[in-house]
Amino acid sequence: MAILTYLEAIRQGIWEEMERDASVFLLGEDIAAYGGAFKVTAGLLERFGDERVIDTPISESAIVGAAVGAALMGMRPVAEMQFMDFISCGFDQIVNMAAKIHYRWGARVPLVIRGPAGAGVHGGPFHSQSNEMWFVHTPGLKVVVPATAYDAKGLIKASIRDDNPVIFFEHKYLYRRVKDEVPEEDYVVPLGKAAVRREGSDLAIITYGAMVRTALEAAGQLMTEGISVEVVDLRTLLPYDEQCILASVRKCSKVMLLHEDTRIGGMAGELAAMITEKAFEDLDGPVVRVTAPDTPVPFSPPLEDYFLPGVQKVVEAARKLAAY
Amino acid sequence: MAILTYLEAIRQGIWEEMERDASVFLLGEDIAAYGGAFKVTAGLLERFGDERVIDTPISESAIVGAAVGAALMGMRPVAEMQFMDFISCGFDQIVNMAAKIHYRWGARVPLVIRGPAGAGVHGGPFHSQSNEMWFVHTPGLKVVVPATAYDAKGLIKASIRDDNPVIFFEHKYLYRRVKDEVPEEDYVVPLGKAAVRREGSDLAIITYGAMVRTALEAAGQLMTEGISVEVVDLRTLLPYDEQCILASVRKCSKVMLLHEDTRIGGMAGELAAMITEKAFEDLDGPVVRVTAPDTPVPFSPPLEDYFLPGVQKVVEAARKLAAY
Amino acid sequence: METARGASPLAKSRTDRKKTPGPDPQLLERMLYYLKLTREAESRIEQVLYRQGKIVGGVYVGRGQEAIGVGSAIQLVEGDVVLPSHRDFSCFLIRGFTLRQILCNWMGRANGPTRGRDNTLHIGDVNRGVIPIISHLGDTCPVACGVAMVLKRRGKNNVALVHFGEGTSSRGDVHEAMNMAGVMKLPVIFICNNNAYAYSTPTSKQYAVKDLAVRGAAYGMPGIVVDGNDILAVFSVVAEAIARGRRGEGPSFIECKTFRMSGHSAHDAAEYVPHELFEQWKQKDPIARFEKFLLAKRFLTEKQIERLGAEVTEQVDDAVAYAESSPLPEGASAAEGVYCGPDCWWKESSR
Amino acid sequence: METARGASPLAKSRTDRKKTPGPDPQLLERMLYYLKLTREAESRIEQVLYRQGKIVGGVYVGRGQEAIGVGSAIQLVEGDVVLPSHRDFSCFLIRGFTLRQILCNWMGRANGPTRGRDNTLHIGDVNRGVIPIISHLGDTCPVACGVAMVLKRRGKNNVALVHFGEGTSSRGDVHEAMNMAGVMKLPVIFICNNNAYAYSTPTSKQYAVKDLAVRGAAYGMPGIVVDGNDILAVFSVVAEAIARGRRGEGPSFIECKTFRMSGHSAHDAAEYVPHELFEQWKQKDPIARFEKFLLAKRFLTEKQIERLGAEVTEQVDDAVAYAESSPLPEGASAAEGVYCGPDCWWKESSR
Ligand SMILES: Cc1ncc(C[n+]2csc(CCOP(=O)(O)OP(=O)(O)O)c2C)c(N)n1
Ligand SMILES: Cc1ncc(C[n+]2csc(CCOP(=O)(O)OP(=O)(O)O)c2C)c(N)n1
Ligand SMILES: [Mg+2]
Ligand SMILES: [Mg+2]
């Protein structure tokens with residue numbers, strides 16, 4: 001099996017889907033000859049031509065709207081946002097046009113909107129956002145956040161094959177930092193299924209995206225202190241895998257919810273509510289949230305370091321919860 | 001004291017602020033001669049002239065952006081969205097421009113974006129949305145949702161005086177259905193303070209907007225069954241009144257979170273998380289959410305009735321929780 | 001920017017000059033039929049059913065501007081797609097929705113095309129080449145671009161028509177779409193029905209140019225002004241734009257000048273509209289005008305037109321009765337069909 | 001759409017004809033100073049500090065297009081407001097930010113104007129009349145409209161200048177803003193720096209017209225093409241637009257044709273740009289050209305220009321040293337100042 005980066009795995013996934021299915025095509029800014037700001041789509045123009053790898057003007061709303069139109073016509077468009085921060089400019093088309101069509105009149109809208117999200121590269125307030133919750137709170141969409149290269153490939157393939165609009169958040173910090181073994185053959189990682197990344201018994205950390213690494217690192221450290229931590233990687237935020245989450249909660253009886261996104265209205269709140277509704281009796285302590293503070297993402301390294309939940313913050317919160 | 005409708009109370013609040021402070025002005029679609037789709041701004045053009053009551057083209061993004069520009073110049077713009085559903089078209093300017101300026105470079109951005117939200121009038125999927133969570137999850141904004149005429153006036157006045165961007169959700173179902181005594185003199189209802197609408201001891205229902213009425217009606221019914229329900233009206237969703245919520249939780253030990261918005265990623269999740277973090281020991285039962293299902297808002301009356309949490313749903317969920 | 005006025009299939013019209021075939025007599029009759037059916041159905045909805053409380057929610061009609069929808073959509077062939085505005089009732093009829101289906105939708109019935117989930121003309125069917133508007137004005141323009149990308153790639157010379165109001169032209173999405181269509185030479189015909197008002201807002205507060213058609217030049221496409229109350233003129237101008245699109249020459253922008261002979265919606269008395277304007281525009285009524293033409297040119301007799309009127313009334317009666325006796329949806333069905341999947345709720349019954 | 005080329009304050013320029021005063025000799029020297037200071041500072045940032053890893057995050061420069069920022073912003077008076085693009089370094093200097101402040105911001109230092117919260121030229125100060133761009137392209141255009149509404153109401157004949165790239169012109173916000181400015185006759189000067197590329201995207205994939213200036217006509221405002229590498233031409237054309245704005249005659253749109261003499265950002269080698277283009281445009285370098293003019297017309301001597309160069313280098317040295325020795329912010333300060341309130345964090349220390 002080849003060792004691929006997270007970024008290469010996404011490209012391979014897209015590539016294979018384009019080979020498989022002529023209805024898959026790409027559109028976005030600077031994605032064709034240039035191969036995209038992060039080079040995720042590099043080489044695809046050469047292979048598939050300019051009818052299937054389409055550079056657009058700087059028009060996020062038209063990009064999303066056009067993707068909807070093409071999807072209605074039976075295609076499977078994959079639209080890139082140069083940074084997921086700019087998805088706010090195509091927001092209305094996503095939440096009102098794409099998300100509601102199937103409910104309203106039954107048509108299929110198979111499309112993927114993908115791009116780099118997340119902080120950690122000193123991108124400042126407009127190149128570092130984690131904007132998944134706007135979409136998790138929009139019925140009709142699916143929201144996917146891979147944490148490994150294997151998943152990145154399997155999830156992008158599943159997203160492209162899905163018959164619904166999927167918002168696919170790639171973490172730019174992971175693009176070239178994460179590498180794993182990625183099978184060259186065809187496989188998908190099904191949407192809606194979480195993965196237990198590490199088994200444990202004292203405490204479950206439920207997280208996603210770049211924070212999976214943070215959680216695993218913290219879990220390793222906590223092990224040396226005799227605290228056994230289970231780490232759950234959600235992989236899909238909408239629909240999320242209630243069963244897997246509840247299994248870990250029941251097993252560990254203590255839960256930490258961890259994300260890089262800000263706190264109020266974040267994914268951790270949703271999961272805490274679901275857990276206390278469905279597993280109240282199984283809990284041996286408060287459901288703890290470790291998240292970014294409620295601020296924009298600041299630019300300067302010391303500020304950004306403070307903003308991001310790091311291993312130490314996770315370890316400290318875990319110790320306290322374990323001792324509860 | 002005069003009896004005013006919720007709608008008249010908002011108008012009076014705006015009117016008084018415009019009298020008090022020449023920097024307050026209004027902009028939006030059809031708000032001047034026509035007085036707005038719901039007539040909230042009727043009469044203001046005649047009183048304050050067309051430099052302070054400005055009709056705009058159909059350009060929500062420019063409306064919000066212009067409000068930001070004017071706010072930076074020392075004004076206090078109040079922008080109307082004809083329906084809060086259309087706020088998605090000005091979304092980017094709100095979450096990226098308005099919300100982050102003060103954090104980034106310290107300038108004041110005192111502005112209000114207001115308009116009718118919510119369901120119950122058979123408006124269909126695009127005239128019935130409850131879109132508060134996009135903004136509750138955006139640090140730098142404040143989010144206000146009045147439930148009574150008294151509050152509507154006091155909160156719009158406080159919002160206009162606030163030095164931050166405030167998103168003000170008026171519930172269109174309440175516009176002409178809710179009437180209370182509204183003092184003619186100047187008063188504000190401070191942002192960030194919840195109100196206990198009914199005292200009780202067995203169970204606290206925490207809610208906001210049109211659901212406050214639903215909660216109160218359910219509480220009345222439950223009283224006859226011997227269940228004493230406390231009803232908390234949040235009034236402001238961001239920042240929300242942690243102290244008031246926790247006091248009710250501690251008092252009742254059982255909590256129901258109720259809203260008209262859909263469930264996943266809704267306000268109830270946030271509050272459930274906060275409550276289990278901060279008052280875990282005080283809880284005598286799961287934190288229960290009663291919300292709309294995760295669908296767009298359907299049009300046809302039987303569908304919309306099903307969608308909206310009604311008194312019966314609340315009563316049933318309360319009975320179950322009380323018996324826990 | 002070009003201006004076309006009153007080109008008719010009989011006179012030496014722009015269309016004739018370019019040898020695009022003009023409408024034939026049967027087509028003329030079909031046009032009148034759709035005009036009258038639309039007028040009758042919308043009037044019944046606005047002035048009867050709404051007042052009787054049988055239609056809940058907003059009611060928007062296109063009275064006085066029916067020539068735009070009919071004169072344009074009537075020309076579409078299989079594989080073409082139309083994205084009508086909220087005032088283009090006729091487009092749905094022309095593309096094969098039955099009046100019964102449409103009335104069911106207005107009345108929130110289970111057997112309407114949206115099964116009660118959405119209202120008014122928010123009715124779509126990909127197989128019929130109809131993609132409906134959402135309330136968020138202008139949002140269908142980018143969607144039309146995506147449709148046209150696919151049409152272009154399919155290589156069958158199909159086109160997409162997207163209709164919108166002059167007020168809608170102020171929205172960013174319309175700009176992004178027109179620009180994208182220009183750059184990619186997409187076969188989209190942008191049809192703006194300029195009915196002088198956007199809700200209460202007159203054009204003087206909506207844009208600062210004489211003719212919106214000038215916007216065509218801003219995107220490298222023809223921009224044409226046409227009398228929107230003259231169905232033959234609309235037909236010709238749209239015919240040319242469609243031909244252009246089919247030839248692979250890219251998009252066109254057509255501004256149809258007309259007037260909204262109603263309030264913005266059924267609850268709006270339109271007191272902000274000077275009364276004379278209604279009087280003036282009544283004289284230009286597109287249906288009366290077309291009937292006069294058909295009579296003068298002996299395409300139809302008074303009798304035939306009367307018969308058409310009776311037929312249309314009967315159809316509306318039938319559709320209203322059908323819709324009224326149709327069931328409302330089951331409340332619990334509201335929870336179904338949010339997602340499309342192998343066990344898709346929508347597939348279970350035919351639409 | 002009008003075209004203006006190379007109008008100079010000495011030739012019989014459009015400006016002279018209209019009796020707008022041309023730049024005076026002192027002004028010419030200040031213009032050269034800002035041009036050179038901008039070039040030197042940006043080069044240091046892009047080619048030295050960035051490569052040394054002293055600047056983290058994106059680095060965008062305006063090499064080759066400095067004449068646009070300088071030739072426009074230099075004309076502003078007290079009360080005017082500028083909203084520069086990400087390549088208009090000069091505007092900040094002209095409006096009184098010190099080079100030290102700006103360098104501190106690029107390097108994320110606590111004493112930069114954003115205190116490390118935001119990067120590059122995202123620097124604002126209402127008192128100086130500078131409202132910065134956010135990364136979301138085009139968003140400042142509507143903001144400029146709001147600024148101009150207030151300027152208009154104040155009645156002191158002030159104007160707002162907003163700069164943006166040709167790629168940005170595709171965004172809906174630019175349309176909504178230009179239309180709004182046209183309708184309300186707002187004193188906004190929309191200045192588009194058309195540098196031939198938007199990241200890797202050439203203008204042929206961005207719009208379908210020859211000159212973007214044609215868009216002016218779509219909004220009822222003048223649309224003017226000018227050679228963006230000729231600072232005197234830029235000056236004249238902008239002077240006229242500003243005068244129009246001050247007279248209450250509404251907005252203008254100016255397209256400055258120029259070329260991006262760099263990659264999109266410091267990490268971009270711009271391999272997609274045909275090499276000849278860089279060669280060609282090097283010949284048109286706005287600074288060399290302006291120096292030649294100043295020498296030929298004896299406004300300045302070689303010696304004086306050299307001295308200016310030395311001065312500029314010294315200033316950049318100083319600012320870099322200052323910024324490098326300035327502290328980074330305390331991590332925990334990241335949590336402060338999200339909201340403005342009576343105890344506002346931002347007020348506690350001077351910016
Ligand atoms: C984005 C958006 N903003 C506001 C509205 C509210 N609204 C509905 S119709 C309308 C006027 C539309 O005017 P125009 O485009 O001229 O179409 P007409 O109704 O005149 O046919 C407005 C403002 C909306 N539906 N969508
Ligand atoms: C809304 C939005 N979409 C995409 C981007 C990514 N991006 C940053 S600069 C740029 C190119 C801008 O081109 P242009 O407007 O011509 O300005 P230039 O950089 O050439 O000065 C792009 C696509 C962005 N910043 N904002
Ligand atoms: Mg109109
Ligand atoms: Mg450019």
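Within every chain, numbering begins at 1; the chains are lettered A, B, ... in the order of the sequence lines, protein sequences first and strands thereafter.
For the residue pair Asn179(D)/Arg171(C), the side-chain donor-acceptor check at 3.5 Å is not satisfied.
Interface remark: of the candidates Ala177(D), Gly220(D), Gly216(D), Ser170(D), Ser170(D) forms the most heavy-atom pairs closer than 4.5 Å to chain C. Contact tally against chain C (heavy-atom pairs below 4.5 Å) for Met180(D), Met184(D), Gln206(D), Met178(D): the top residue is Gln206(D). In terms of heavy-atom pairs under 4.5 Å with chain C, the best-connected choice from Ser169(D), Ala181(D), Gly138(D), Gly172(D) is Gly172(D).
Using a 4.5 Å heavy-atom threshold, the side chains of His175(D) and Arg215(C) count as touching.
At most 12 heavy atoms of other shown residues, nucleotides or ligands fall within 6.0 angstrom of atom CD in Glu271(C). Counting non-hydrogen atoms of other residues, nucleotides and ligands closer than 6.0 Å to NE2 of His267(D) gives a total above 12.
Nearest approach of Ala218(D) to Ala218(C), heavy atoms of both residues: CB-CB, 3.9 Å.
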